Amino acid sequence: MKIKLEEADKKGTVSVEEAIARRKSRRAFKSIKLTGKQLSQVLWAALKAPSAGATYPLALYVVIGADCVEQIEAGVYHAERGHSELERHKEGDLRAALADACLGQRFIAHAPVSLVIAAEYERTTRRYGDRGVRYVLIEVGHASQNVYLECEGLGLATVAIGAFYDEAVSRVLDLPRQHRPLYVMPVGASAEKL
Ligand SMILES: Cc1cc2nc3c(=O)[nH]c(=O)nc-3n(C[C@H](O)[C@H](O)[C@H](O)COP(=O)(O)O)c2cc1C
């Protein structure tokens with residue numbers, strides 16, 4: 001099943017400086033649906049990060065809950081750089097299982113969606129050898145910061161999650177062996193006053 005993503009807006013209402021100044025990790029989510037536009041905008045930001053030698057090792061998955069994004073069913077979806085669609089990879093609302101895999105950080109189960117940024121190291125190490133590992137880890141930081149700033153611009157909450165069992169996250173999402181999870185970022189309307 002493929003879902004068409006919307007084209008990202010290139011002009012927002014919050015300046016880069018305001019987004020940087022306001023950015024913080026937000027872990028309280030309201031249970032209201034995201035729009036397809038909001039999700040498209042956040043995915044665009046995640047994939048618009050620089051890449052060593054343009055090797056693009058990051059693979060982006062989105063765990064979507066039931067009734068959590070307008071007109072998108074629950075499941076795990078895969079987004080690729082340069083593609084204007086999301087492809088369903090697995091069915092079902094897997095937010096609680098993802099929270100368990102993240103050492104029981106329950107707020108993850110309450111966010112309507114979570115991005116899982118994985119990496120295919122070989123895409124970069126093939127060119128740069130062992131140093132490619134460093135480049136991939138730097139790159140996931142770029143992608144994550146873009147997500148933080150885009151969420152701030154949209155008035156959404158997010159937090160970078162590094163504490164999880166790699167094997168458990170891979171199992172919950174049914175990730176292909178070569179895609180190793182590096183970061184989880186729950187995203188949703190903020191329950192805090194922004
Ligand atoms: C590599 C990394 C891993 C992190 N892992 C977690 C995590 O597992 N759970 C969590 O709640 N926050 C996590 N955070 C968010 C930090 O707790 C947060 O950035 C820090 O407390 C500073 O707060 P701020 O982001 O609001 O400036 C992580 C941040 C980084 C950079």
Side-chain angles (χ1 to χ4, degrees), residues 3-29 34-64 68-69 72 76-87 98 102 107-108 111-121 123-124 132-164 169 173 175 179-190 192 194:
I3 308 284
K4 186 110 187 75
L5 289 170
E6 295 188 38
E7 197 176 332
D9 285 338
K10 310 301 183 311
K11 252 192 174 27
T13 53
V14 176
S15 70
V16 176
E17 292 78 10
E18 285 170 317
I20 293 170
R22 284 190 211 164
R23 185 216 61 80
K24 63 175 194 148
S25 296
R26 304 179 192 276
R27 301 174 180 83
F29 302 95
L34 290 183
T35 63
K37 179 76 183 182
Q38 286 172 317
L39 180 62
S40 300
Q41 196 75 30
V42 172
L43 297 181
W44 166 79
L47 293 166
K48 190 76 187 74
S51 175
T55 49
Y56 298 111
L58 301 184
L60 185 57
Y61 289 85
V62 197
V63 174
I64 299 183
C68 283
V69 181
I72 305 186
V76 178
Y77 292 78
H78 184 218
E80 276 212 49
R81 202 183 154 275
H83 289 229
S84 56
E85 49 198 21
L86 272 183
E87 181 149 21
L98 181 62
C102 296
F107 53 85
I108 295 170
V113 312
S114 279
L115 311 191
V116 177
I117 310 176
E120 186 172 341
Y121 285 94
R123 286 196 186 191
T124 307
V133 173
R134 177 196 301 218
Y135 291 164
V136 170
L137 299 177
I138 291 171
E139 215 166 298
V140 75
H142 289 303
S144 165
Q145 185 71 1
N146 273 6
V147 171
Y148 262 118
L149 296 179
E150 184 63 52
C151 283
E152 213 56 58
L154 296 173
L156 298 174
T158 193
V159 52
I161 303 292
F164 53 80
V169 169
L173 272 70
L175 293 183
H179 288 176
R180 325 257 173 78
L182 289 176
Y183 245 162
V184 174
M185 297 191 77
V187 172
S190 181
E192 304 169 40
L194 298 185

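Here, residue 1 is the first one in the sequence, and each next residue gets the next number. This is a predicted model, so every value here is computed, not measured.
Of all heavy-atom pairs between Tyr135 and Thr124, the closest is CB-CG2, 4.0 Å. Of all heavy-atom pairs spanning Leu60 and Leu43, the tightest one is CD2-CD2, 3.8 Å. Considering all non-hydrogen atoms of both residues, Thr55 and Ser51 come closest at N-OG, 3.3 Å. When all heavy atoms of Pro57 and Glu139 are compared, the pair lying nearest together is CD-OE2, 2.9 Å. Across all non-hydrogen atoms, the minimal contact from Ile108 to Cys102 is CD1-CB, 3.5 Å. Nearest heavy-atom pair, Ala143 versus Leu58, reported as atom, atom and distance to 0.1 Å: CB-CD1, 3.8 Å.
A distance-only check finds a donor-acceptor pair linking the side chain of Gln38 to the backbone of Thr35 [under 3.5 Å]. A donor-acceptor pair is defined here as one N or O able to donate and one able to accept, closer than 3.5 Å; no such pair exists between the side chain of Ser190 and the backbone of Ala157. Judged purely by atom type and a 3.5 angstrom limit, Asn146 uses its side chain to pair as donor or acceptor with the backbone of Ala45. Here the side chain of Tyr77 pairs no donor or acceptor atom with the backbone of Ile3 at under 3.5 angstrom.
Within the 4.5 Å cutoff, side-chain heavy atoms of Arg22 are placed close to those of Val14. Considering only heavy atoms from C-beta on, Val76 stays 4.5 Å or farther from Val62 through its side chain.
Note on Glu150 versus Lys48: no salt bridge recorded, every NZ/NE/NH1/NH2 to OD/OE distance being 4.0 Å or above. A salt bridge links Glu192 to Arg26: at least one charged side-chain nitrogen sits closer than 4.0 Å to a carboxylate oxygen.
To the nearest 0.5 Å, atoms CD (Glu120) and CG (Leu175) are separated by 11.5 Å. With values rounded to the nearest 0.5 angstrom, Leu182 atom CG is found 6.0 Å from Leu137 atom CG. Separating the CD atom in Glu18 from the CG atom in Leu149 is a distance of 12.0 Å, to the nearest 0.5 Å. Here OH of Tyr183 is found 4.5 Å from OG of Ser144. Values are rounded to the nearest 0.5 Å. In this structure, Leu39 CG and Lys37 NZ are separated by 11.5 Å, a value rounded to the nearest 0.5 Å. Taking SG from Cys151 and CZ from Arg23, the interatomic distance works out to 11.5 Å, rounded to the nearest 0.5 Å.
By the 6.0 Å contact criterion, NZ on Lys10 is enclosed, its count of non-hydrogen atoms from other residues, nucleotides or ligands being greater than 12.
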- Task: Verify side-chain contact (heavy atoms from CB on, under 4.5 Å) between Met185 and Tyr148, making sure each step is shown before the conclusion.
- Result: CA-CA 9 Å; Met185 297 191 77; Tyr148 262 118; 4.0 Å; yes
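For the 3.5 Å distance criterion, the side chains of Ser114 and Tyr61 fail to qualify, holding no donor opposite an acceptor.
Put simply, the residue from Val169, Val116, Leu115, Val184 that forms a side chain to side chain contact (heavy atoms under 4.5 Å, CB included) with Val63 is Val116.
Between His78 and His179, the angle of the ring planes lies from 30° to 60°, which puts this pair in the tilted group.
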